[in-house]
Enquirer: 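Right, I'll just put the structure down here and ask away after.
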Amino acid sequence: MLGEAAAPLGVDLVVLDPTPDCPAAPVAADQIVGDFDDANAIDELAARADALTFEIELADPDRMAAAAAEHGVAVHPDPATLETIQDKLVQKEALADAGIPVPELVAVATAEGLERVVEEFGGVMLKAREGGYDGRGNVPVESPDEAAAALDAIGGAAMAEEFLDFEREVAVMGLKGADGETRTYPVTETVHREEILRESVSPARADDAVVTEAESVARDVLEVLDGRGVYGIELFETREGDVLVNEIAPRPHNSGHWTIEGAHTSQFENHVRAVLGWPLGPTDLVAPAVTANVLGDVDETEPATLRNVESVLDAPDADLHWYGKDDVYSLRKMGHLTVTDRDAGSPGDGETDRDALLSRARDLRDGVTFRDA
């Protein structure tokens with residue numbers, strides 16, 4: 001999606017990815033096959049680039065910084081920002097130190113320590129400090145008896161976060177450009193199941209006060225982070241109407257895929273603009289939009305063939321995005337579709353309309369399958 005956004009601007013993408021003929025290859029100028037921490041591959045990439053960026057937190061910040069310095073190219077966001085974000089405990093502590101609201105949390109290293117925290121908090125979400133996404137690396141622990149098994153499941157350094165009785169999850173795609181300019185996209189409601197993002201609703205079905213607070217918190221987060229580009233800022237809205245930061249992604253994020261059809265400038269185009277130090281595009285909404293992720297619905301890994309796509313392609317209000325992954329397995333993100341309401345009035349009007357838009361997106365998404373009937 002970065003490649004699709006870069007091409008109309010006259011920008012060629014060279015991609016470093018460990019998978020030969022990776023999903024980005026068809027829209028990139030070239031691919032370097034190598035692991036995300038392969039020093040030689042990163043050095044080759046820096047030698048060929050006018051600017052470096054990353055689209056996954058597994059990238060190696062130290063090797064990117066070293067290669068960029070060697071070849072005199074900039075890296076955005078700043079590798080130091082990536083290093084902070086890679087460790088979820090360090091990330092949250094940096095936010096808390098800056099006065100940004102986060103859930104209560106604590107580092108845990110032993111089953112005994114986790115048992116005490118579970119008793120104190122009345123249950124926690126145990127999270128791997130590094131890695132983990134789409135539900136991986138998160139284990140709910142409701143009883144001290146579950147502590148040892150939960151730590152074994154995490155398999156590494158962990159932190160325990162209080163369970164939140166939240167009203168909804170929301171996200172803000174924040175943007176940092178040249179000369180310290182910051183912008184935000186409209187607040188998006190994110191709908192998760194099994195810790196995996198299923199749908200996003202833009203604008204969020206939240207009170208104006210919550211939307212204003214979410215935007216304010218997101219702008220405060222941007223002040224803590226160094227480097228140009230798009231940042232996905234995931235937030236909780238509590239039952240009391242407070243807004244707390246959940247996690248940050250220093251890159252375009254699934255929560256912002258709706259911007260391709262629903263905003264004046266997509267998060268991907270603005271990321272390219274920001275990394276290159278170019279003027280940022282407008283981030284305002286052009287139409288209410290709901291994105292529904294297309295997930296693997298098979299029991300075992302198999303070659304990916306998406307069936308029944310005609311119903312989506314025939315819908316005048318829907319757009320399908322296929323990620324080009326060769327294999328599908330259960331709950332793997334394989335693509336998404338976005339339904340937009342081009343006839344809507346002002347962006348804040350009509351929660352019922354957004355409910356209907358969400359229902360339509362779900363119906364279209366649920367009509368496609370990887371199963372061979």
Side-chain angles (χ1 to χ4, degrees), residues 1 133-134 166-176 182-193 195-222 229-238 241-271 281-294 317-319 321 333 336-342 344 346-362 365:
M1 287 178 274
Y133 62 95
D134 288 350
F166 59 85
E167 180 69 23
R168 63 173 53 83
E169 294 180 79
V170 298
V172 177
M173 306 310 299
L175 181 61
K176 297 194 74 169
T182 61
R183 296 186 182 184
T184 58
Y185 285 89
V187 178
T188 297
E189 180 179 353
T190 55
V191 182
H192 294 75
R193 192 165 69 252
E195 305 297 322
I196 299 174
L197 178 62
R198 304 304 177 106
E199 299 96 19
S200 64
V201 181
S202 304
R205 298 171 295 178
D207 293 340
D208 290 345
V210 171
V211 168
T212 299
E213 180 64 14
E215 291 172 343
S216 175
V217 169
R219 288 187 178 276
D220 289 343
V221 168
L222 291 176
V230 167
Y231 295 85
I233 303 166
E234 298 180 272
L235 307 156
F236 294 115
E237 175 198 342
T238 70
D242 297 323
V243 174
L244 307 178
V245 176
N246 178 18
E247 290 183 1
I248 303 166
R251 55 174 173 81
H253 190 267
N254 193 182
S255 301
H257 287 358
W258 67 270
T259 62
I260 298 172
E261 286 84 23
H264 274 285
T265 312
S266 78
Q267 63 168 344
F268 299 101
E269 179 178 334
N270 260 332
H271 188 74
T283 57
D284 45 313
L285 192 86
V286 297
V290 171
T291 290
N293 283 329
V294 177
D317 56 352
D319 292 272
H321 295 265
K333 287 179 180 173
H336 74 268
L337 61 88
T338 301
V339 177
T340 52
D341 182 3
R342 299 282 175 173
S346 60
D349 289 345
E351 182 172 319
T352 302
D353 291 342
R354 278 170 281 170
D355 290 342
L357 210 60
L358 175 59
S359 179
R360 175 152 176 74
R362 285 172 170 168
R365 187 265 317 281

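The figures here come from the full heavy-atom set of this structure, side chains too, leaving out hydrogens, waters and symmetry mates.
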Enquirer: Show your reasoning for whether side chain to side chain contact (heavy atoms under 4.5 Å, CB included) applies to I196 and K333.
Expert: CA-CA 9 Å; I196 299 174; K333 287 179 180 173; 4.2 Å; yes

Enquirer: Output side-chain donor-acceptor pairs under 3.5 Å for residues 287-294, partner residues at least two apart or in another chain, one line each.
Expert:
| unit_1 | atom_1 | unit_2 | atom_2 | d |
| --- | --- | --- | --- | --- |
| T291 | OG1 | T338 | OG1 | 2.9 |
| N293 | OD1 | N254 | ND2 | 3.2 |
| N293 | ND2 | L197 | O | 2.8 |
| N293 | ND2 | N254 | OD1 | 2.8 |

Enquirer: Got a sec, which residues hit side-chain hydrogen bond (donor to acceptor under 3.5 Å, both in side chains) with E213, two or more places apart in sequence or on another chain?
Expert: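 With neighbours one apart ignored, the set is empty.
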
Enquirer: Taking only residues two or more places apart in sequence or in another chain, which ones pass salt bridge (charged side-chain N to carboxylate O under 4.0 Å, His left out) with E234?
Expert: none

Enquirer: Minimum heavy-atom separation for S255 and T188, please, with both atom names.
Expert: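 For S255 versus T188, the nearest heavy atoms are O-CG2, 3.9 Å.
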
Enquirer: R198: what forms a salt bridge (charged side-chain N to carboxylate O under 4.0 Å, His left out) with it, not counting sequence neighbours?
Expert: E194

Enquirer: What's the shortest heavy-atom distance between T190 and A171, and which atoms?
Expert: CG2-CB, 4.0 Å

Enquirer: Kindly indicate, with the supporting measurements, whether the criterion side chain to side chain contact (heavy atoms under 4.5 Å, CB included) is fulfilled by V217 and I233.
Expert: CA-CA 9 Å; V217 169; I233 303 166; 5.7 Å; no

Enquirer: Identify the heavy atoms of A318 and V339 that sit nearest to each other, and give their distance.
Expert: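 Looks like CB-CG2, 4.1 Å.
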
Enquirer: Is the backbone N or O of P282 less than 3.5 Å from a side-chain atom of T265, with the two atoms forming a donor-acceptor pair by type?
Expert: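 At least one qualifying donor-acceptor pair exists.
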
Enquirer: Taking all non-hydrogen atoms of both residues, which atom of M173 and which atom of G232 are closest, and how far apart?
Expert: CE-CA, 3.6 Å

Enquirer: Holding to ring pair (Phe, Tyr, Trp, His ring centres under 6.0 Å), I want the full list of residues that pass it with H271, two or more places apart in sequence or in another chain.
Expert: none

Enquirer: Check the pair V201, L357 against side chain to side chain contact (heavy atoms under 4.5 Å, CB included), reporting the backbone distance first and the verdict last.
Expert: CA-CA 9 Å; V201 181; L357 210 60; over 6 Å; no

Enquirer: Okay, side chain of T212, backbone of D208: is any donor-acceptor separation there less than 3.5 Å?
Expert: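 Present.
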
Enquirer: Is there a side chain to side chain contact (heavy atoms under 4.5 Å, CB included) between E215 and V211? Walk through the geometry before answering.
Expert: CA-CA 6 Å; E215 291 172 343; V211 168; 3.9 Å; yes

Enquirer: Identify the heavy atoms of P252 and V230 that sit nearest to each other, and give their distance.
Expert: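 Shortest heavy-atom separation between P252 and V230 comes out as CA-CG1, 3.9 Å.
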
Enquirer: Taking only residues two or more places apart in sequence, or in another chain, which ones meet R219 in a side-chain hydrogen bond (donor to acceptor under 3.5 Å, both in side chains)?
Expert: T182

Enquirer: Is there a side-chain contact between N246 and L235, using heavy atoms and a 4.5 Å cut-off?
Expert: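 They are not in side-chain contact.
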
Enquirer: The criterion is side chain to side chain contact (heavy atoms under 4.5 Å, CB included); which residues satisfy it with P250, sequence neighbours excluded?
Expert: F54, E57, P77, L82, I85, Y231

Enquirer: Rounded to the nearest 0.5 Å, what's the gap from CG on D284 to CZ on R183? Could you check?
Expert: 9.0 Å

Enquirer: Are P203 and R354 close enough that some pair of their side-chain heavy atoms sits under 4.5 Å apart?
Expert: yes

Enquirer: Out of R251, H257, H253, which residue meets the side-chain hydrogen bond (donor to acceptor under 3.5 Å, both in side chains) rule with Q267?
Expert: H257

Enquirer: Residues in side-chain hydrogen bond (donor to acceptor under 3.5 Å, both in side chains) with T259, at least two apart?
Expert: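 Expected list: none.
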
Enquirer: Please enumerate all residues that pass side-chain hydrogen bond (donor to acceptor under 3.5 Å, both in side chains) together with T238, with sequence neighbours excluded.
Expert: E240

Enquirer: Under the salt bridge (charged side-chain N to carboxylate O under 4.0 Å, His left out) test, which residues partner E189, sequence neighbours left out?
Expert: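 Salt bridge (charged side-chain N to carboxylate O under 4.0 Å, His left out) check on E189 returns R168, R205.
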
Enquirer: I'd like to know if the side chain of S202 pairs up with that of W258 as donor and acceptor (distance under 3.5 Å, no hydrogens or angles considered).
Expert: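 Checked: S202/W258 side chains pair up, N/O donor to acceptor below 3.5 Å.
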
Enquirer: R342 side chain to D317 main-chain N or O, any donor-acceptor pair under 3.5 Å?
Expert: no

Enquirer: Strictly distance-based, threshold 3.5 Å: is any side-chain N or O of Y185 a donor or acceptor partner for the main-chain N or O of S266?
Expert: yes

Enquirer: Sequence neighbours left out, what passes salt bridge (charged side-chain N to carboxylate O under 4.0 Å, His left out) with D220? Give chain and number order.
Expert: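 By the salt bridge (charged side-chain N to carboxylate O under 4.0 Å, His left out) rule, D220 matches no residue at all.
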
Enquirer: Just to verify, what does H321 make a ring pair (Phe, Tyr, Trp, His ring centres under 6.0 Å) with, not counting sequence neighbours?
Expert: H336

Enquirer: What distance do T340 atom OG1 and I260 atom CD1 have between them, rounded to the nearest 0.5 Å?
Expert: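 It comes to 12.0 Å.
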
